[in-house]
Amino acid sequence: MALLERPRRLRRTPALRRIVRETTLDIADFIAPLFIVDGHDILRPISSMPGHAQRSIDHLGSEIDELRTAGITSILLFGIPSEKDAIGSGAWDPAGPVPQAIRRVRREAPEMVVIADVCLCEYTSHGHCGVLSKEGGTVENDPTLELLARASLAYAEAGADIVAPSAMMDGQVAAIRTALDAGGFTDVAILAYGAKFASAFYGPFREAAQSTPQFGDRRSYQMDPANGREALRELQLDADEGADILMVKPAGPYLDILHAASLQFDLPLAAYQVSGEYAMLKAACQNGWLDEERAMFESLIGIKRAGADLIITYFAKEAARAIQLQEAGLV
Ligand code: PBG
């Protein structure tokens with residue numbers, strides 16, 4: 001008996017598969033995270049994230065060159081200051097690592113989209129994303145807003161195109177939008193980490209950014225992995241507060257939320273394939289347990305297919321290079 005449908009016919013050759021492909025990765029989808037440290041001549045590899053390092057400003061230029069050559073058009077900057085304090089004042093220091101890096105990239109690669117992560121955890125001595133109550137036990141939402149706004153202004157002044165608040169404080173997008181507008185930075189956009197979950201997959205990042213909380217955890221401000229509807233509500237709030245781009249983070253374990261968000265919101269949607277997702281794949285590949293290129297692309301195409309327009313990923317450079325080779329017909 002003849003089958004009504006024979007989808008297999010369309011899978012016979014690479015060219016057939018290509019013309020019916022529903023999702024493709026574009027190098028312009030990728031955002032490459034970079035870790036900038038205070039100091040000189042520092043290039044400190046991050047052991048759990050092969051291929052990534054903490055770098056001082058003098059080691060930034062060569063990395064930017066490599067990213068540009070690979071076709072990467074946007075970067076996300078994290079700063080690691082030499083001194084931390086209780087309120088994270090290094091976050092808005094115009095001579096801090098991130099403002100310095102922004103100025104450098106603006107000068108050397110003016111076309112690059114520069115995104116600055118806005119959070120206090122890399123800058124506070126206690127490692128939390130906001131300031132603590134007097135008793136010291138809890139993170140205070142409202143007093144933190146003003147500090148996040150101050151940091152955003154410092155990055156805008158240095159020349160950032162986009163600020164990306166990741167502290168998960170309620171009202172952070174509105175506070176930052178108000179401060180940016182008042183400072184004359186109406187053109188600086190906000191990428192809101194709207195649905196950011198309290199995730200075990202941030203482990204390697206905390207080594208990279210030296211931002212592990214000294215006590216407790218982030219569950220009072222980051223989201224419960226069990227809550228999908230609440231994630232959409234959080235994203236809605238950020239959209240209402242003026243976010244220009246919404247983000248779901250991590251990516252892999254939250255593809256359902258990414259998909260729901262892509263149907264619900266008429267804003268560009270970003271996904272953050274976080275440090276632990278990268279570390280996991282790298283470790284398995286280094287052991288020869290997975291084929292690296294295939295595993296990398298499968299994880300990225302899954303994120304794109306779920307609905308992400310942009311992907312922040314530690315694979316950015318590697319994936320871009322592989323796409324360049326494919327497009328040149330070399331593989
Ligand atoms: C800052 C921040 C974190 C990440 C991005 N911004 C860490 C955290 O919340 O602990 C994690 C990114 C990654 O794991 O790659 N709050």
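Because the structure is predicted, anything quoted here is derived from the model rather than measured. Whatever order the structure lists them in is the order used to number ligands and atoms, beginning at 1.
In this structure, K196 counts as a contact residue of ligand 1, since one of its heavy atoms falls inside 4.0 Å of the ligand. Under a 4.0 angstrom heavy-atom cut-off, Y278 registers as lying outside contact with ligand 1.
Closest heavy-atom approach to atom 8 (C) of ligand 1 among the candidates R218, K249, E277, M49: R218. The option with the heavy atom closest to atom 15 (O) of ligand 1, from among Y202, Y221, Y314, F205, is Y314.
Contact annotation: the side chain of R177 never approaches that of Q172 to less than 4.5 Å [non-hydrogen atoms, C-beta and beyond]. Within the 4.5 Å cutoff, the side chain of M168 has no heavy atoms near those of the C129 side chain.
Ion pair K282/E318 flagged as a salt bridge, since at least one NZ, NE, NH1 or NH2 atom sits closer than 4.0 Å to an Asp/Glu carboxylate oxygen.
Under 4.0 angstrom from ligand 1, the non-hydrogen atoms of S166 come from both its backbone and its side chain. Of the heavy atoms in S275, both backbone and side-chain atoms come closer than 4.0 Å to ligand 1. By the criterion of a heavy-atom distance under 4.0 Å, neither the backbone nor the side chain of A209 is placed next to ligand 1.
Linking ILVMFWY residues whenever their side-chain heavy atoms come closer than 4.5 Å, directly or via other members, leaves V163 and L237 in distinct clusters.
Contact atoms of ligand 1 toward Y272: 12 (C), 15 (O) (distance under 4.0 Å to a heavy atom of the residue). For ligand 1, the atoms sitting less than 4.0 Å from at least one non-hydrogen atom of C129 are 16 (N), numbered in the order shown with element in parentheses. Remark: ligand 1 atoms within the under-4.0 Å shell around heavy atoms of D117 are 6 (N).
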Under the salt bridge (Lys or Arg N to Asp or Glu O under 4.0 Å) criterion, do K304 and D29 qualify, and how do the steps go? CA-CA 9 Å; K304 183 98 187 267; D29 301 334; 3.0 Å; yes

Before giving the answer on salt bridge (Lys or Arg N to Asp or Glu O under 4.0 Å), spell out for R305 and E22 the whole-Å C-alpha distance, their side-chain angles and the decisive distance to 0.1 Å. CA-CA 8 Å; R305 194 193 60 242; E22 298 173 21; over 6 Å; no

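Judged by distance alone, with hydrogens and angles left aside, the side-chain atoms of T144 form a donor-acceptor pair with the main-chain N or O of V131 at under 3.5 Å.
In terms of N/O distances under 3.5 Å, ligand 1 is not approached by E122.
Looking at Y193 and D117, their side chains do bring a donor and an acceptor atom within 3.5 Å of each other.
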